[in-house]
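What follows is one structure encoded as structure tokens, with my remarks underneath.
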Amino acid sequence: MTEKRLSHAYMLLAPEGPARDEAARRLAAALLCPAAEPPCGICRDCRKALTGVHPDVIHVGRERSDKDLRREILVGQVRAMTADAVLAPNEAARKVYIIDEADRMNDRAQNALLKALEDPPGHACFILCAASADALLPTVRSRCVRTGEETLRRDGAPALTDLARAYLEAAASGDMTQVALCCMSRAKLSREETEAFAREVKAAVCDILCGRLEDPGLDRERLFRLDALMDKTQDYLRHNVQPKQIFGLLAVETLR
Ligand SMILES: [Zn+2]
């Protein structure tokens, strides 16, 4: 991922869960990032893709019928996706389709996807997330670059997600020293990185509240306070307060 030699189809093989979701977001960021060494982690496309709000990153997954999730991803969904893939991107140079649980596509759906993989619209990329490649047709498999979460973690984006997570864990510990050390080690972040850090923390808070991310031991009230604190951080950045001062403030305010 350190050079701009990107394929238009990836198979992300990892057990289902937040780590795989995050790996998919990083890969999507890498595909959309205009930097020479994507993902830079700080440009608009990276930040939006990493926090899951990029309009050109589209998720396709099992649909609900009544209350339950359907057992499979249906051919109609894949056709709708490939029809959408023909349309130009909204903001980025590409459009990324993340197929969550690609191993849930039935054969008809996979064959419909195959057409798009064989002759993709120039700007469309596909990320097929699956626990293993076994449930995918050999023809689909052969069209995809295989990748796993370890590869992505090793040469992926700056570990902003990890920084945000460590901060939340420090906050959950309730230990003033741990929080202070954590904040001080971030005081060297640039303005852009601090902005991205605040976004990451907000995204993680949201994920924890929605049950998408494991709760490190923060109650709801604390989570809302941290969210508000990150709003404040973004506000300070807009008013040209330096990251060093902001993290100094966070060291004091986080446990208050
Ligand atoms: Zn970027």
Side-chain angles (χ1 to χ4, degrees), residues 1-12 14 18-59 85 87-100 120-129 144-145 147-168 185-207 212-213 230 233-234 236-238 240 242-243 246-247:
M1 299 308 303
T2 47
E3 46 188 303
K4 274 237 143 169
R5 190 167 42 84
L6 298 165
S7 167
H8 69 276
Y10 290 87
M11 200 162 49
L12 176 56
R20 186 173 82 186
D21 296 343
E22 189 190 318
R25 285 201 294 268
R26 282 183 193 219
L27 182 50
L31 290 164
L32 297 181
C33 177
E37 291 195 1
C40 70
I42 53 178
C43 73
R44 187 191 62 178
D45 288 321
C46 277
R47 290 196 320 250
K48 285 191 170 182
L50 290 171
T51 50
V53 297
H54 202 299
D56 292 314
V57 179
I58 300 113
H59 283 263
L87 305 174
N90 294 291
E91 292 182 4
R94 292 164 168 240
K95 252 172 153 173
V96 180
Y97 294 87
I98 298 177
I99 307 179
D100 303 311
H123 51 253
C125 311
F126 302 91
I127 301 173
L128 282 61
C129 303
C144 298
V145 172
T147 175
E149 52 184 312
E150 312 77 24
T151 343
L152 287 171
R153 212 167 279 284
R154 201 166 52 241
D155 44 321
L160 274 169
T161 319
D162 298 338
L163 293 186
R165 191 162 301 159
Y167 170 72
L168 289 174
S185 68
R186 279 141 188 72
K188 287 200 185 86
L189 292 183
S190 69
R191 300 180 55 79
E192 289 77 14
E193 286 166 335
T194 306
E195 165 73 27
F197 169 82
R199 279 168 185 269
E200 282 291 334
V201 172
K202 281 178 74 73
V205 164
C206 176
D207 283 347
R212 286 192 296 260
L213 199 67
M230 292 304 122
T233 297
Q234 291 173 326
Y236 285 139
L237 285 167
R238 275 191 287 276
N240 285 323
Q242 294 304 312
I246 293 176
F247 283 106

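All ligand and atom numbering here is 1-based and tracks the order in the structure.
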Short N-O contact, Arg199 and Glu195, less than 4.0 angstrom: yes
Is there a donor-acceptor pair under 3.5 Å between the side chain of Asp56 and the backbone N or O of Ala92? yes
CZ on Phe126 to NZ on Lys95, rounded to 0.5 Å: 10.0 Å
Treating His123 as the side-chain partner and Leu87 as the backbone partner, does any N or O pair qualify as donor plus acceptor under 3.5 Å? yes
Has Arg94 got a side-chain atom pairing as donor or acceptor with Ala124's backbone, closer than 3.5 angstrom? no
Could you please tell me which protein N, O or S atoms lie under 2.8 Å from the Zn ion (ligand 1)? Cys33 SG, Cys40 SG, Cys43 SG, Cys46 SG
How would you list, by chain and number, every residue that makes a side-chain hydrogen bond (donor to acceptor under 3.5 Å, both in side chains) with Arg186, sequence neighbours excluded? none
